[in-house]
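The structure appears below as structure tokens.
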Amino acid sequence: MKHSEVAEVVQASRSAVTIFFIDDTEILPGQFLMVWAPGVGEIPISLSHLGKMKGITVKPYGKTSSSLCGLEEGDLLYYRGPYGRPFTLDSGRRLIIGGGTGLASLYSVINGESTVISSARSSDELLFRGKFKCRNNIEVTDDGSAGIRGFPVDALKTIDPDLYSVAYVCGPEMMMYSVYNYLRNFNLNLQFSMERMMKCGIGICDSCSMGGYQLCRDGPTFFKDEIPELVEFGKSRTTESGRRYSMK
Amino acid sequence: MKHSEVAEVVQASRSAVTIFFIDDTEILPGQFLMVWAPGVGEIPISLSHLGKMKGITVKPYGKTSSSLCGLEEGDLLYYRGPYGRPFTLDSGRRLIIGGGTGLASLYSVINGESTVISSARSSDELLFRGKFKCRNNIEVTDDGSAGIRGFPVDALKTIDPDLYSVAYVCGPEMMMYSVYNYLRNFNLNLQFSMERMMKCGIGICDSCSMGGYQLCRDGPTFFKDEIPELVEFGKSRTTESGRRYSMK
Amino acid sequence: MPDISVRIADIKFQNPFLLASGILDENGYTIRRILNEGAGGAVTKSIGAEERTGYIPPVVVPLDDGLLNAVGLPNPGIDGFANEMKISLEAGKPVIGSVFASNADEFIKLCRKMENYGAHAVELNLSCPHVKGFGSEVGSDPDLVEEIVNSLKSEIKIPVFAKLSPNVTDIIRIAEAAGKCDAFVLINTVRGMAIDIAARKPVLSNRVGGLSGHAVKPVGIRAVWDVFENFDKPIFGVGGIENVQDAVEYIMAGAGALQIGTAVYSHGRGIFSKISTELASYMEKEGFNSIEEMRGLAHR
Amino acid sequence: MPDISVRIADIKFQNPFLLASGILDENGYTIRRILNEGAGGAVTKSIGAEERTGYIPPVVVPLDDGLLNAVGLPNPGIDGFANEMKISLEAGKPVIGSVFASNADEFIKLCRKMENYGAHAVELNLSCPHVKGFGSEVGSDPDLVEEIVNSLKSEIKIPVFAKLSPNVTDIIRIAEAAGKCDAFVLINTVRGMAIDIAARKPVLSNRVGGLSGHAVKPVGIRAVWDVFENFDKPIFGVGGIENVQDAVEYIMAGAGALQIGTAVYSHGRGIFSKISTELASYMEKEGFNSIEEMRGLAHR
Ligand SMILES: Cc1cc2nc3c(=O)[nH]c(=O)nc-3n(C[C@H](O)[C@H](O)[C@H](O)COP(=O)(O)OP(=O)(O)OC[C@H]3O[C@@H](n4cnc5c(N)ncnc54)[C@H](O)[C@@H]3O)c2cc1C
Ligand SMILES: Cc1cc2nc3c(=O)[nH]c(=O)nc-3n(C[C@H](O)[C@H](O)[C@H](O)COP(=O)(O)OP(=O)(O)OC[C@H]3O[C@@H](n4cnc5c(N)ncnc54)[C@H](O)[C@@H]3O)c2cc1C
Ligand SMILES: Cc1cc2nc3c(=O)[nH]c(=O)nc-3n(C[C@H](O)[C@H](O)[C@H](O)COP(=O)(O)O)c2cc1C
Ligand SMILES: Cc1cc2nc3c(=O)[nH]c(=O)nc-3n(C[C@H](O)[C@H](O)[C@H](O)COP(=O)(O)O)c2cc1C
Ligand code: FES
Ligand code: FES
């Protein structure tokens with residue numbers, strides 16, 4: 001396991017924090033780490049901040065993520081990786097669509113000409129508010145406490161996707177599925193960062209697979225023409241035990 | 001285990017043969033291989049010929065060496081290595097002193113200005129007769145069937161060692177011991193290639209040790225100032241079982 | 001071209017490289033893809049009677065020379081696995097159902113279901129080293145092994161393969177107890193552990209795990225060698241196979257077919273088609289016409 | 001500076017790194033040199049009652065991630081070893097006499113002689129995996145182990161260390177049988193084998209050998225961990241120790257001292273002084289004052 005000292009912890013929304021640490025390894029946008037809270041658990045976390053000072057942005061869900069959110073400056077952060085296929089950085093205008101902590105993995109691909117659609121349950125859950133490099137930020141909340149009430153697809157209807165050369169998308173699977181079904185009809189390129197339970201991170205345990213592809217290794221980034229091959233996408237998934245259930 | 005096809009087998013004396021094979025690895029004069037005759041045994045053998053076409057010169061003693069001497073063109077030669085500390089190639093005139101197959105490991109350091117003292121039981125056991133790069137070859141045989149009757153030390157008495165900058169010596173231990181005791185009183189440098197039973201070749205089994213040094217790894221080459229540290233040299237050695245006996 | 005297909009217990013495999021149990025074989029779509037991409041057959045994740053979530057991650061520790069794992073036999077339970085078997089079998093290649101249980105009756109129930117699902121054979125996990133009450137705890141008791149294998153052989157029509165553990169004093173004794181099986185599968189992982197010294201804690205949440213990959217190849221070769229010397233029965237060799245040399249080493253030790261696990265991680269899913277091509281070229285070059293010709297050659 | 005000395009069974013070692021049995025410890029001059037060059041102590045080659053020449057080479061197979069060996073317990077017999085002990089002891093550091101035998105009486109005779117030679121302790125080789133009638137054949141029989149250890153403890157004054165094999169179904173059961181010993185030594189090599197596919201033959205002349213080195217470290221860590229959990233007794237950790245991280249991992253698993261074998265080949269004799277310096281710096285940096293403070297830390 002690698003470890004680095006936590007350099008700084010910054011609030012990224014009401015509950016999520018960004019944990020900064022120094023690691024010289026080259027990590028590319030869209031890649032993730034398997035982050036270990038000793039004695040608690042290990043979970044996949046995307047890099048929100050690249051460069052010499054790296055950052056991960058974590059929201060407390062369960063035990064492991066909550067334990068990580070409790071880290072303070074000077075504590076050690078344990079992890080292995082980076083793993084996974086990164087985004088490719090297409091030229092042209094970028095449409096960034098992030099739901100919940102999904103925005104964390106997209107944060108490093110935002111540039112000045114990007115439009116960011118950021119969504120969350122409510123306004124205080126929106127990540128990185130006011131911290132985007134671009135001016136165009138459309139906020140979407142389930143409860144309408146900020147921006148458009150609804151889902152990212154509702155925000156998409158307010159813009160013309162074909163003004164963009166590529167959309168980078170990450171968030172809960174059903175959100176991504178609806179975004180995919182909407183955007184596939186336009187001309188822009190698509191790069192989806194898929195999310196499923198990941199136990200090993202190295203393509204051996206099958207917990208993250210979709211249509212025979214391992215998200216941890218073949219993905220998490222998938223391109224427009226590949227998504228139809230992920231036959232389980234938006235349809236069914238398996239639990240920690242491998243039990244399959246329908247998402248519809 | 002590595003293996004190479006035997007390219008040619010050439011008689012090197014009545015009973016010894018030189019086995020040529022192609023191996024691109026860089027091997028230095030004085031290094032050796034652990035050569036395996038599958039199903040028979042594995043023994044240390046010096047390289048007599050370096051360059052792209054490598055050669056080992058083997059005399060049939062027991063099972064393994066005899067089995068190797070039976071190899072023919074096209075057969076496979078199995079070995080691992082190279083192992084051991086090589087000779088350093090000193091400038092100036094070289095005095096080469098080889099007893100029996102000990103000459104094999106010295107063959108590649110012979111240059112035009114060298115004097116070679118080659119010794120064996122009898123004339124037909126003398127290795128590489130007439131094949132030296134140099135003109136000065138003093139032959140010595142136990143039975144007087146060629147050259148000087150006696151031992152290498154007797155040949156040494158016919159020359160002035162101080163005309164040479166370095167002596168390279170390899171042969172049976174008692175021969176080397178007498179040569180050492182004679183030459184230590186002169187000014188020339190000494191490089192002795194020591195020989196003892198070697199079971200592992202990699203410094204782990206202790207079968208080749210002398211005074212705490214492993215010939216297979218710290219040696220087989222030892223320099224003038226190091227030889228006094230080999231407290232067992234010429235005095236006692238251990239058998240295959242590790243039983244110590246006195247050589248005197 | 002030499003024939004790299006093999007026939008074990010009357011099941012024909014287009015090539016001798018099967019996906020080993022527990023590696024990318026919990027989800028039917030994954031098994032189907034791996035078979036379509038070139039595996040000669042697949043063994044499923046070990047399935048039990050009841051649903052199990054397995055251990056909390058970390059469940060794997062990548063090491064320099066191998067992999068340590070304690071996944072904890074997660075599985076949906078035999079009933080929940082019906083659909084995955086269906087999807088897997090769509091590839092039209094042999095799928096072997098791996099099962100674990102703690103007694104003969106349970107094994108029979110599981111194997112009957114696997115048979116109904118269309119499994120070409122069952123593989124008994126008598127060897128997982130890190131789950132209490134199952135795997136090697138069962139597989140190190142010769143009487144229990146004998147009872148399990150014998151009763152299965154009278155109850156089940158499809159072939160029964162016994163996967164044995166190297167973590168026993170005497171593997172021959174256990175193989176004897178499993179003597180009625182149709183083939184041996186050797187080996188499962190070697191018990192091991194890793195501690196992170198900065199965290200001062202074992203890395204695996206289960207602490208103890210099983211070592212696999214290149215580091216354990218000599219252990220597997222020796223198990224196959226010894227069992228081949230003592231029994232006249234097909235053997236699947238598994239443990240650290242990464243390239244054609246490793247495969248041939250197992251075959252010459254006595255294996256009639258092979259399984260690959262950890263190398264799917266270190267070399268990717270593409271390993272199955274790559275190693276099959278390499279094996280064919282190797283055989284062509286060395287003048288072997290069939291795998292049977294090479295099998296056990298190092299014993300001569 | 002932190003104190004890296006350790007005291008095991010009342011023997012003081014200047015540093016916790018001993019030369020393991022069977023590696024460069026057949027010739028007294030070699031042992032003396034290794035002690036003078038920095039080892040904290042040395043365990044001799046395992047010595048029996050009678051002279052044995054050991055196996056014909058090949059006796060070792062260097063692998064990518066470890067070493068396979070079947071040296072075959074060559075030794076001059078206990079009487080022939082007297083002089084080597086004398087030379088070894090000139091270094092003024094603890095020398096532990098390793099012995100092998102097939103029953104309690106023979107063990108007693110050997111250990112008495114080792115005691116007379118001035119050995120600081122004896123180490124019982126209950127674990128060599130590749131010699132018929134000795135080593136792990138003895139060490140896997142709990143009744144025999146118990147008889148040997150108990151009778152030695154009543155006959156011999158110097159401490160008795162029991163070196164156990166990982167090649168058993170249940171190491172705790174064997175450790176219990178050896179429960180009266182003064183310390184455990186864990187582990188000996190893991191049974192393994194290598195075949196050369198070009199020669200189509202096992203490489204070792206004995207065919208089966210023991211795997212050591214980095215590949216077996218997880219196996220050793222797990223043995224130390226399990227024995228530490230179950231017994232309140234000193235443990236020498238051995239198996240794949242190559243650097244300070246490996247050493248600390250063993251200490252945190254429960255080892256109070258360490259032995260190094262294969263790394264003497266992969267890193268040279270200089271490893272003892274190098275790793276001692278590294279351990280002192282590590283302890284200084286992490287704020288540990290003694291090895292005892294670190295011992296078993298991963299169990300908390
Ligand atoms: C490639 C990838 C990148 C990720 N990047 C980030 C990130 O940058 N920031 C971040 O906060 N989170 C990220 N996640 C999600 C994060 O891994 C999960 O939130 C985490 O696993 C929750 O673990 P926990 O131990 O806190 O919760 P647990 O105690 O394990 O579970 C809490 C609840 O969440 C459910 N759950 C846990 N994990 C998942 C999951 N992966 N999918 C659906 N439900 C789940 C559990 O079933 C349970 O109901 C990422 C996930 C993936 C696959
Ligand atoms: C560094 C080194 C380089 C060598 N280079 C060469 C070389 O280039 N050409 C060559 O022909 N030989 C060389 N030898 C010697 C060669 O290794 C031995 O001749 C060989 O070990 C004999 O093996 P065998 O199996 O044929 O004989 P065995 O059947 O093992 O033994 C035959 C007899 O020789 C004795 N014997 C075996 N090995 C030795 C030994 N090393 N010292 C003393 N007695 C021994 C045995 O005890 C036995 O009595 C070298 C040895 C060393 C250490
Ligand atoms: C992550 C992982 C999970 C495993 N799960 C199982 C299992 O469920 N049942 C089983 O019989 N073997 C299981 N094994 C053991 C493998 O099938 C195989 O026997 C072992 O890993 C050695 O082969 P390898 O070195 O090719 O991986 C598992 C191995 C790994 C690495
Ligand atoms: C060449 C060799 C010879 C060995 N001989 C013995 C022996 O005689 N007695 C013994 O108890 N252990 C013997 N061992 C086992 C080692 O002492 C040690 O337990 C094992 O190699 C694991 O440690 P390592 O990985 O540091 O080598 C031998 C090991 C090797 C590699
Ligand atoms: S997380 Fe295990 S295969 Fe992807
Ligand atoms: S031959 Fe084994 S130590 Fe030199």
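Order of the sequence lines sets the chain letters (A, B, ...), proteins ahead of strands, with each chain counted from 1.
Summarising the geometry, atom SG belonging to A/Cys216 is positioned 11.0 Å from atom OH belonging to C/Tyr265; distances are rounded to the nearest 0.5 Å. Rounded to the nearest 0.5 Å, atoms CD (A/Glu229) and CZ (C/Arg33) are 5.0 Å apart. The CG atom of C/Leu24 sits 7.5 Å away from atom SG of A/Cys205, with the distance rounded to the nearest 0.5 Å. Atom OG of A/Ser241 is separated from atom CD of C/Glu26 by 7.0 Å, given to the nearest 0.5 angstrom. Once rounded to the nearest 0.5 Å, the distance linking CE of A/Met1 with CD1 of C/Ile195 reads 13.5 Å. Here OG of A/Ser209 is found 8.0 Å from CD1 of C/Ile34. Values are rounded to the nearest 0.5 Å.
Closest non-hydrogen pair, C/Ala198 versus A/Leu76, comes out as CB-CD1, 4.5 Å. For the pair A/Trp36 and C/Pro202, the tightest heavy-atom approach, listed with the atom from each and the gap, is CZ2-O, 3.6 Å.
Residue C/Glu90 places its CD atom among more than 12 non-hydrogen atoms of other residues, nucleotides or ligands, all under 6.0 Å distant. Summarising the local packing, CD of A/Gln11 is surrounded by more than 12 heavy atoms from other residues, nucleotides or ligands at distances under 6.0 Å. At most 12 non-hydrogen atoms from other residues, nucleotides or ligands lie less than 6.0 angstrom from NZ of C/Lys274. Enclosure of atom CD in C/Glu37 by more than 12 non-hydrogen atoms of other residues, nucleotides or ligands within 6.0 angstrom is indicated. Enclosure of atom OH in A/Tyr83 by more than 12 non-hydrogen atoms of other residues, nucleotides or ligands within 6.0 angstrom is indicated. In the displayed structure, C/Ile56 atom CD1 is contacted under 6.0 Å by at most 12 heavy atoms of other residues, nucleotides or ligands. By the neighbour-count criterion of 12 heavy atoms within 6.0 Å, atom NZ of A/Lys2 is densely surrounded, having more than that number from other residues, nucleotides or ligands. With a 6.0 Å radius and a threshold of 12 heavy atoms from other residues, nucleotides or ligands, C/His267 has its NE2 atom above the threshold.
For chain C, the nearby part of A/Glu232 is the side chain; its heavy atoms alone come within less than 4.5 Å. Contacts of C/Val71 with chain A are absent, with no heavy-atom separation under 4.5 Å from either backbone or side chain. Proximity to chain A (any heavy atom under 4.5 Å) is restricted, for C/Asp25, to the backbone atoms N, CA, C and O. Residue A/Cys200 touches chain C through both its backbone and its side chain, counting heavy-atom pairs closer than 4.5 Å. In this structure, the portion of A/Val40 lying under 4.5 Å from any heavy atom of chain C is its backbone and not its side chain.
Between C/Val264 and A/Ile204, every side-chain heavy-atom pair lies at or beyond the 4.5 Å cut-off. The side-chain heavy atoms of C/Arg269 and A/Asp218, taken from C-beta on, include a pair separated by under 4.5 Å. Contact of the C/Pro57 side chain with the A/Lys199 side chain is registered, since non-hydrogen atoms from C-beta on lie closer than 4.5 Å. Using a 4.5 Å heavy-atom threshold, the side chains of C/Thr53 and A/Thr239 count as separate. Side-chain contact between C/Val203 and A/Glu42 is absent, with no heavy-atom pair separated by less than 4.5 Å.
Proximity of a side-chain donor or acceptor of A/Arg244 to a complementary backbone N or O of C/Gly80 within less than 3.5 Å is not detected. The backbone N or O of C/Asn27 lies less than 3.5 Å from a partner atom in the side chain of A/Asp206, making a donor-acceptor pair. The main-chain N or O of A/Gly211 is never found under 3.5 Å from a side-chain atom of C/Arg32 such that the two would form a donor-acceptor pair.
Of the residues considered (C/Asn69, C/Asp196, C/Ile31, C/Ile87), C/Asp196 shows the highest number of contacts with chain A, using heavy-atom pairs under 4.5 Å. Between chain A and the residues C/Glu51, C/Arg200, C/Lys45, the largest count of heavy-atom pairs under 4.5 Å involves C/Glu51. In terms of heavy-atom pairs under 4.5 angstrom with chain A, the leader among C/Gly54, C/Gly28, C/Ser205, C/Pro62 is C/Pro62. Ranked by heavy-atom pairs under 4.5 Å with chain A, the list C/Pro58, C/Gly22, C/Ala199, C/Pro74 is led by C/Pro58.
Comment: A/Arg243 does not engage C/Glu84 in a salt bridge, judged by the lack of any side-chain N to carboxylate O separation of less than 4.0 angstrom.
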- Item | Stepwise side-chain contact (heavy atoms from CB on, under 4.5 Å) check, A/Gln214 with C/Thr30 | CA-CA 8 Å; A/Gln214 284 66 59; C/Thr30 310; 3.3 Å; yes

